[in-house]
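The structure under discussion appears below in the form of structure tokens.
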Amino acid sequence: MSAVASPAVRIVRAACPHDCPDTCAMRVTVEGDKIVRVQGDPEHPPTHGALCTKVSRYAERVDHPERVLTPLKRVGPKGAGQFQPVGWDEALDDIAKKLAEIAARHPEAVLPYSYAGTMGLVQGEGMAARFFHRLGASLLNRTICAAAGGEALQMTYGGKVGMHLEHFAESQLIVIWGSNSIASNLHFWTFAQAAKRNGAKLIAIDPRKTETAEKCHQHIALMPGTDGALALGVMHELIANDWLDHDYLERHVEGWPALRERALQWAPERVAAECGITADEVRGLARDYGTTRPAAIRLNYGMQRVRGGGNAVRLIALLPCLTGAWRHRAGGMLLSASGWNKAVKNTAALERPDLLGGRRPRTINMSTIGDDLLRESSPAFGPKIEAVVVYNSNPVAVAPESPKVTAGFRREDLFTVVLEHFLTDTADHADYVLPATTQLEHWDAHTSYGHTYVLLNEPAVAPRGQAKSNSEIFRLLAARMGFTEPCFADSDEAMARAAFDDSVDREQLRRHGWFKLPLPEAPFAEGGFPTPSGRAIAQAPGVPLPDHVPNYESRVTAPALAARYPLAMISPPARHFLNSTFVNVKSLRDIEAEPIVEIHPDDAAARQLSDGQVVKVFNDRGLYHCTLRVNQRARPGVVNGLGVWWRKLGRNGTNVNELTHQQLTDLGEAPAFYDCLVEVAAL
Ligand SMILES: Nc1nc2c(c(=O)[nH]1)N[C@H]1C(S)=C(S)[C@@H](COP(=O)(O)OP(=O)(O)OC[C@H]3O[C@@H](n4cnc5c(=O)[nH]c(N)nc54)[C@H](O)[C@@H]3O)O[C@H]1N2
Ligand SMILES: Nc1nc2c(c(=O)[nH]1)N[C@H]1C(S)=C(S)[C@@H](COP(=O)(O)OP(=O)(O)OC[C@H]3O[C@@H](n4cnc5c(=O)[nH]c(N)nc54)[C@H](O)[C@@H]3O)O[C@H]1N2
Ligand SMILES: [Mo]
């Protein structure tokens, strides 16, 4: 018997592509074309050698038996998910023909729909943006996640900037405000744990007693959408006790006198009544915040998914200016670091907005896709949407008010193309599904919204089946549409290598897979915010003072509605899914077991409901079937419907977005997923 040499074992440097603040550096062990292991890079400080449960099992997702591996063409009724395999040429020729026909009448009748299924700069809005710009398609306002908080940071600090992740380890107080770090920002939690070992106090502010809240020293379980009031109450106490850094306020903040007046209207008792907590909790939080140095706030996007989310972020983001917490590198706040990273991205070169020429297409808000797919042509709206090309997103599952989203995608006269790894709820509604490569099969370059490193992703294995990268698919479509600009010939690798400007050391990026941006340690110790004046803004000409803005749906603002639907529902992520990604990975779905809603024992008793029972959660918009968990994770008056299940893997084809609405936040035109009244009853 002759010895067969085993294929060489290689280690490839990669980046986790998922929509998570952690953006881990990965090392993929490959033998031939087989993925042997996916691990965290021990040398990348934020990753620290560890991956989350989801991504450490990445091979299961890449080599999943249900991967879409050939182009598919619809054979059944719209939305039925019945397809037959077709060749690439047939699929691309037909798609290009249909898009060209529609575009010849109204280019804006074509809509790209994408979000952050991959956060890569190449496979995200790289070649795709070039394609749609050249076509003159409608623009998409990508608001579904971070727009309220993003706009708030822009108004307050001139960009999405904040503390370095690593410096939280040196904080003496960490307020985790509207974030379940253990579930959705695990690598931040590692630094918070280090701080805890050094004697720091950890406080969680969250309606739900999450796994993170349980591990903090204190948990303040306020009602959803009342964070702005709590921040004003903290300010009230900082003023009353003179725990203020007057010098910092005077030199580095615009509009402080007006904000001071407003905060003085929010005594702890008023705040307590608004937030559903005690006045002592408000006073205690203010004392801790006002008297501990250095004090850091890890704000996250969870708390801005309500009507007043933007104003609440503005108020919380200003707290470090009152106490001068920014003076220390372990003080201040972090909601998003993407402003630091954006500065080094060659966005215009990647996305080529110049290909629009003089055209200014209308913009569709991705968060109102339910309504917009159902609109007719009108002077105000423009042409009816006739074609949607979906990539890196699963709107039928994740967009608010899914009864309308589904009705829109079921339109017989809508031409839908979905680039996907799997037959998701959205792919089921496609006319064509095109098989896309995963991160282990393509090139990409990454920034992060939770740390200040950029990363490079090299392909570890060959594309599975007939899969092609998003960029390659748009390149091939561009050729068929007759787009001859040289940028449509750029390779994925060339785009990945050209993604960053010269402040990124390309050699270090290539060798290590990551590069830390050279930024000041304590960026705002002496003010110098990226606003026009360099000062933080509480109020300025054209920028009104922030205020507490109550929910659309609450006992106070909508009493008649609250009489019928008395429970506030939030729908934060389940730990083992990432939005709707991974719901079809069986080992992860087995951990989450089934779609659930958590309810407090008192609320369950009042409805004669018991743990483990199958219930319907409902309001005027829809009906969600799931299993009831009666426990103390829910506070009285609030139910937690953990998201985001694929509808077809949930009960009766429903998921939690049956219940959410399409009204938008105060800033940024984002969805208010967690501003939602419901009732729960036995099925
Ligand atoms: N495992 C996992 N990780 C993820 C995701 C995932 O789906 N699963 N999603 C990723 C994405 S897309 C994002 S944007 C980030 C999100 O990151 P985070 O914003 O940190 O997300 P969550 O873990 O949902 O934390 C939000 C928390 O806010 C709480 N909350 C809800 N309403 C309110 C409120 O009105 N006030 C306050 N104070 N708290 C409130 C919820 O109970 C929840 O615990 O996480 C990313 N990471
Ligand atoms: N009720 C409720 N709804 C929510 C939320 C909530 O907390 N509650 N969270 C919201 C938030 S924060 C967000 S960010 C959105 C997220 O919404 P989406 O961005 O739509 O995220 P996912 O559901 O993860 O879907 C991403 C899809 O992209 C696909 N994908 C991944 N990589 C690639 C690739 O390289 N190529 C192609 N073609 N496809 C790829 C994946 O297979 C997956 O199906 O959901 C929002 N919806
Ligand atoms: Mo998100």
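Atoms within each ligand, like the ligands themselves, are counted from 1 in listed order. Quantities reported herein were computed from a predicted structural model and do not represent experimental measurements.
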(message) Check whether Phe582 forms a cation-pi arrangement with Arg61 (NZ or CZ under 6.0 Å from the six-membered ring centre, at most 45° off the ring normal).
(response) yes

(message) How far is atom 7 (O) of ligand 1 from the closest protein heavy atom, and which atom is that?
(response) Asn579 N, 2.7 Å

(request) Compute the minimum heavy-atom distance from Gln439 to ligand 2 and say whether it is under 4.0 Å. (result) no

(message) Just to verify, which of Val680, Leu642, Val597, Ile596 counts as forming a side chain to side chain contact (heavy atoms under 4.5 Å, CB included) with Cys626?
(response) Val597

(request) Run the numbers for me: atoms of ligand 2, each under 4.0 Å from some heavy atom of Thr437, listed by number. (result) 34 (C), 35 (O)

(request) Report yes if Asn657 has an N/O atom closer than 3.5 Å to an N/O atom of ligand 2; otherwise report no. (result) yes

(request) Tell me which protein heavy atom sits closest to atom 31 (C) of ligand 1, plus the residue, atom name and distance to 0.1 Å. (result) Tyr674 CD1, 3.3 Å

(request) Consider ligand 2: state whether an atom of it lies below 4.0 angstrom from any non-hydrogen atom of Ala116. (result) yes

(message) Under 3.5 Å between any N/O of Asp19 and any N/O of ligand 2: does that happen in this structure?
(response) no

(message) Using heavy-atom distances only, which candidate in Val433, Val398, Thr118 approaches atom 17 (O) of ligand 2 most closely?
(response) Val398

(request) Applying ring pair (Phe, Tyr, Trp, His ring centres under 6.0 Å) between Tyr391 and each of Tyr115, Phe474, Phe131, report the one that passes. (result) Phe474

(request) Give yes if a backbone or side-chain nitrogen or oxygen of Gly302 is under 3.5 Å from a nitrogen or oxygen of ligand 1, and no if not. (result) yes

(request) Tell me, please: is Tyr301 in heavy-atom contact with ligand 2, that is, under 4.0 Å? (result) no

(request) For Glu60 and Ser587, test the side chains for any donor-to-acceptor distance below 3.5 angstrom and give the result as yes or no. (result) yes

